[in-house]
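Please read these numbers as outputs of a predicted model, since none were measured by experiment. Because only heavy atoms are used, hydrogens play no part in the values below, and waters and symmetry mates are left out as well, while side chains stay in.
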Amino acid sequence: MSKRTNSRLHIQGSINLLKRASKWPIWADVATRLGVAFALIGIVVLVHWIDRDGLIDHHDGHISFLDVVYFTMISVTTTGFGDIAPISDRSRLIEAVIVTPIRVAVLFIFVGTAYNFVIKRTWEKWRMARIQSRLTNHIVVLGYGVSGAEAVHELIQRGTDPSCIVVIDQSPARIGAAEAAGCNVLAGDASNDETLVAVRVAEAQSVLVSAGRDDTSILIVLTVRHLAPKVPISVVIRAQDNELLARQAGANNVINPVSFTGLLLAGSAQGAHVAEYMADLASIGGRVQLRERPVAAEEIGRSLDQLASGGRGLRVYRAGTPHGFWEPEAQRLEHGDLIVEVVRCEDDEAAASAG
């Protein structure tokens with residue numbers, strides 16, 4: 001996906017478009033605009049009726065209430081046939097001071113309504129459909145709570161363009177926060193097939209699931225795996241008993257924040273710097289960074305401790321099986337291997353910029 005293709009939708013419409021949920025329903029907005037416009041017209045009718053002696057009807061010389069309504073409408077719409085006209089100084093002053101500002105306000109209301117609900121929405125609908133059709137190799141984040149927001153922040157810090165991230169959540173506040181971060185946003189149910197199809201989940205680079213509840217997260221994983229059989233899925237699961245269920249649902253990576261916290265605590269009990277280093281590895285804000293990547297062409301045939309990147313190789317994945325740096329399989333890298341290495345944060349940022 002192009003780095004310049006960034007969408008932040010403000011339109012309501014079909015679920016087949018990325019969109020942002022509006023806090024103010026369309027029907028309420030239209031009703032409010034029309035209500036204000038007709039209220040202003042009512043004020044003009046009242047003013048003209050009170051000052052009807054200052055008007056003249058060139059047709060029959062008599063000003064009725066119907067004549068007042070008629071004169072008000074042609075006056076507000078600036079039609080001006082001239083069959084009814086103000087003749088007294090007071091009437092002309094009222095037309096200049098009261099009616100003219102109201103006329104301008106009513107025109108602005110109608111023109112603004114036409115722009116927002118016809119021209120602007122049609123343009124944005126076309127533009128967002130075009131952007132949506134180009135979504136590919138993007139990262140889909142399902143749930144923008146604490147974990148989801150932190151994941152997006154870390155991705156951006158690691159060099160991922162926000163326009164390559166799509167966030168789905170049902171909370172308007174969270175959608176607004178994701179939009180402010182520069183991400184594409186969609187207000188909807190992440191366990192719904194249509195919602196995921198709308199963001200082209202099958203074309204995604206990876207999917208991150210953090211729905212806040214384990215049962216909801218597992219349901220979302222099932223739905224994503226059904227629609228995108230080959231896309232890697234990572235999910236946050238808080239109860240250890242549900243980790244197996246998440247893997248059976250199709251998750252490639254299951255992250256348990258409670259278990260990870262326990263690992264940090266245990267590490268700190270055995271050494272003052274173990275927990276600090278583990279946190280350093282997990283964050284772009286530290287001095288070193290864990291990175292997973294395919295083996296480079298020039299590295300084929302070398303051992304895991306002879307990486308061209310200068311990083312420290314820790315593990316190689318071959319046909320889905322992990323091999324540690326001490327194992328014989330790690331002494332000769334092969335085409336198709338995936339490498340997990342430790343690199344300096346500066347090296348990781350430089351590689352991301354070059355890519």
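Counting only residues at least two apart or in different chains, salt bridge (Lys or Arg N to Asp or Glu O under 4.0 Å) contacts with residues 48-59 comprise Asp51-Arg90.
Under the 4.5 angstrom side-chain criterion for Ile, Leu, Val, Met, Phe, Trp and Tyr, the cluster partners of Ile50 are Leu46. Within the hydrophobic cluster formed by Ile, Leu, Val, Met, Phe, Trp and Tyr side chains joined at under 4.5 Å, directly or through other members, Ile87 is accompanied by Ile56. Alongside Phe108, the hydrophobic cluster contains Val104 (criterion: ILVMFWY side chains under 4.5 Å).
Checked against side chain to side chain contact (heavy atoms under 4.5 Å, CB included), Arg315 has the following partners two or more places apart in sequence or in another chain: Tyr317, Pro322, Val340. Residues passing the side chain to side chain contact (heavy atoms under 4.5 Å, CB included) test with His62 are Asp60, Ser64, sequence neighbours excluded. In this structure Phe65 satisfies the ring-ring contact (aromatic ring centres under 6.0 Å, His included) test together with Trp49, sequence neighbours excluded. Under the ring-ring contact (aromatic ring centres under 6.0 Å, His included) criterion, Phe71 pairs with His48, sequence neighbours left out. For Glu203, the salt bridge (Lys or Arg N to Asp or Glu O under 4.0 Å) criterion is met by no residue, not counting sequence neighbours. When the side chain to side chain contact (heavy atoms under 4.5 Å, CB included) test is applied to Pro257, the partners found at least two apart in sequence or on another chain are Val236, Arg238. For the side chain to side chain contact (heavy atoms under 4.5 Å, CB included) test, residues two or more places apart in sequence or in another chain that qualify with Ala296 are Arg293, Glu298, Glu299.
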Which side-chain N or O atoms in residues 215-224 pair as donor and acceptor under 3.5 Å with protein atoms at least two apart or in another chain?
unit_1, atom_1, unit_2, atom_2, d
Asp215, OD1, Arg213, NE, 3.1
Asp215, OD1, Arg213, NH2, 3.4
Asp215, OD2, Arg213, NH2, 2.6
Ser217, OG, Ala211, N, 3.3
Ser217, OG, Arg213, O, 3.0
Thr223, OG1, Ser191, O, 3.4
Thr223, OG1, Leu219, O, 2.9

